[in-house]
There are 2 protein chains.
Amino acid sequence: MLTERQQAIFDFILQFRNRNGCSPSIPEIQRQFDIRSPNGVVGHLHALEAKGYIRRGERGSRQIDLVGHNAASIAEVPLYGSIAAGFPETAETPRAETFLGLDETTLGFRPKNGCFALRVRGDSMKDAGIFDGDMVVVEPTPSPRENQIVAALIDGECTLKRLVRVNGKWFLKAENAAYPALHPRSDLVIQGAVRTVIRRMQ
Amino acid sequence: MLTERQQAIFDFILQFRNRNGCSPSIPEIQRQFDIRSPNGVVGHLHALEAKGYIRRGERGSRQIDLVGHNAASIAEVPLYGSIAAGFPETAETPRAETFLGLDETTLGFRPKNGCFALRVRGDSMKDAGIFDGDMVVVEPTPSPRENQIVAALIDGECTLKRLVRVNGKWFLKAENAAYPALHPRSDLVIQGAVRTVIRRMQ
DNA sequence: CCGTTCGGTGTAAGAATTTACAGTATCATG
DNA sequence: CATGATACTGTAAATTCTTACACCGAACGG
């Protein structure tokens, strides 16, 4: 529970952030509340941090991050074109087409670093409801589970397939009768599992 | 138009802001891009500011405000449950289950006021790639076009159907062979057109 | 060949900010 | 009344960040 003063300062930080896109510095908080010593503010910030309302960087100015009561944490997921020539996150990272801004509610999971999106090309997954032009958000997974749809790198090109296990052996399966191709798992790089599908209409 | 380097730096600022809640300082940008002089970064910031992509405070650290292509244009779209007992936006607006935070890039259109999302129930649109449990973002449209998938109110329940015209007459058509039902348009309230489909996997 | 743009290096001054340390005053509580 | 929590004052050092100035090299267009 916050004291009246702490609440007022928390509210000010919230407002300041919405107006200026960054947190206020300690001197700016001093001026707002007519506090003549930086330490007067620091005490409140420590209290707010101890109570879990804010989080502050080690040292460096304006590093007040609002926790929880936050302005919905939006993840900026890089969207790569349909042909990814390499693993996104290596030296030759392909240039992101753009960024998708989505929150955790929409994504359905908490995006870790390394999460990315791909524009789907082709209809090899059409029976799974993923069509040409769709966007998929891929979460890098060290060990993808059976039956998940994964983004895999085959011959330098990124494709989506369903990961299946037949008689203990792993295969990649297209969800389209016209694409019977199965590839053994060992020869490929699995970039991650598809966690969210986004389709724009018209 | 931004140069490749400028775009990369702009993207980094965007990501940094969404991860840390504040803009990076110049030394932090230096470290990210292995630029050994602060002036190397300052040049880019001046270019970005001149091109209108960012705005900077007079003096003071971490005061990089993103303009236009801003991360601030996140729409909070209310998500209603599968059974909408009334038109969302009337007096008896159903309580939103939650809110989806998405930007214009993800949505594919600029969300006007009145835009909402529905959780899909049933498989009447499965042949259109919309499955049970999916979420659809609906844009209220005064005059929906032919062949658009619309959210319509039938007997107090909200359903998705494709709007088709046969011999000059409007019908609603399910995208599933098991649902042959067609309803004349005049008897229904069309809430809007489906503009985005979002599906979470696993 | 020359000027311009882009993308830097290197250094240093100076401004802004954070942090630390030593106190003070008020109020509620046991 | 003593104690602790809250809410500061005041000062100074340390750190971080911005800005300015001088200069370099490559690529490109005329």
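Note that this is a predicted model, so its numbers are computed, not measured. Chain letters run A, B, ... following the sequence lines, proteins first and then strands; every chain starts at 1.
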Please assess Thr196(B) against Arg200(A) for the test side-chain hydrogen bond (donor to acceptor under 3.5 Å, both in side chains), listing each intermediate value before the final yes or no. CA-CA 4 Å; Thr196(B) 317; Arg200(A) 298 183 196 143; over 6 Å; no
Could you check how far CZ of Arg62(B) sits from P of dT19(D), rounded to whole Å? 14 Å
Please determine whether a side-chain nitrogen of the Lys or Arg among Lys112(B) and Glu139(B) lies less than 4.0 Å from a carboxylate oxygen of the Asp or Glu. yes
Output the rounded distance in Å from CD1 (Ile9(B)) to P (dC6(C)). 13 Å
Please confirm whether the shortest side-chain N or O distance from Arg36(B) to OP1 or OP2 of dC24(D) is below 4.0 Å. no
Using atom CZ of Arg31(A) as one end and atom C1' of dT17(C) as the other, report the distance to the nearest whole Å. 11 Å
Report yes if a side-chain nitrogen or oxygen of Arg5(A) is closer than 4.0 Å to either non-bridging phosphate oxygen (OP1 or OP2) of dA5(D); otherwise report no. no
Would you indicate, yes or no, if dG10(C) has its OP1 or OP2 atom less than 4.0 angstrom from a side-chain nitrogen or oxygen of Ser37(B)? no
Nearest of dG8(C), dT18(D), dT17(C) to any side-chain atom of Ser25(B)? dT18(D)
Ranking dC6(C), dT19(D), dA7(D) by distance to the side chain of Pro38(B), first place goes to dT19(D)
Atom pair distance, as rounded to whole Å: CG in Leu45(B) and P in dC6(C): 15 Å
Asp34(B) CG - dG10(C) P separation (whole Å): 13 Å
How many Å lie between NE2 on His46(B) and C1' on dT19(D), as a whole number? 8 Å
Length of the line joining Asn39(A):CG and dT9(D):C1', which is rounded to integer Å: 9 Å
Checking side-chain polar atoms at under 3.5 Å, does Gln7(A) have a donor or acceptor matched by the opposite partner on Asp11(A)? yes
Quickly work out the Ile35(B) CD1 to dT9(C) C1' distance and round it to whole Å. 11 Å
Is the phosphate of dG8(C), meaning OP1 or OP2, less than 4.0 Å from a side-chain N or O of His44(B)? yes
The residue, Ile26(A) or Gly40(B), whose nearest nucleotide of DNA chain C is more 5′ is Gly40(B)
May I ask you to decide whether Lys161(A) forms a salt bridge with Glu175(A), counting only side-chain N to carboxylate O separations under 4.0 Å? no
Side chains of Ser23(B) and Arg17(B): do they bring a donor and an acceptor to under 3.5 Å? yes
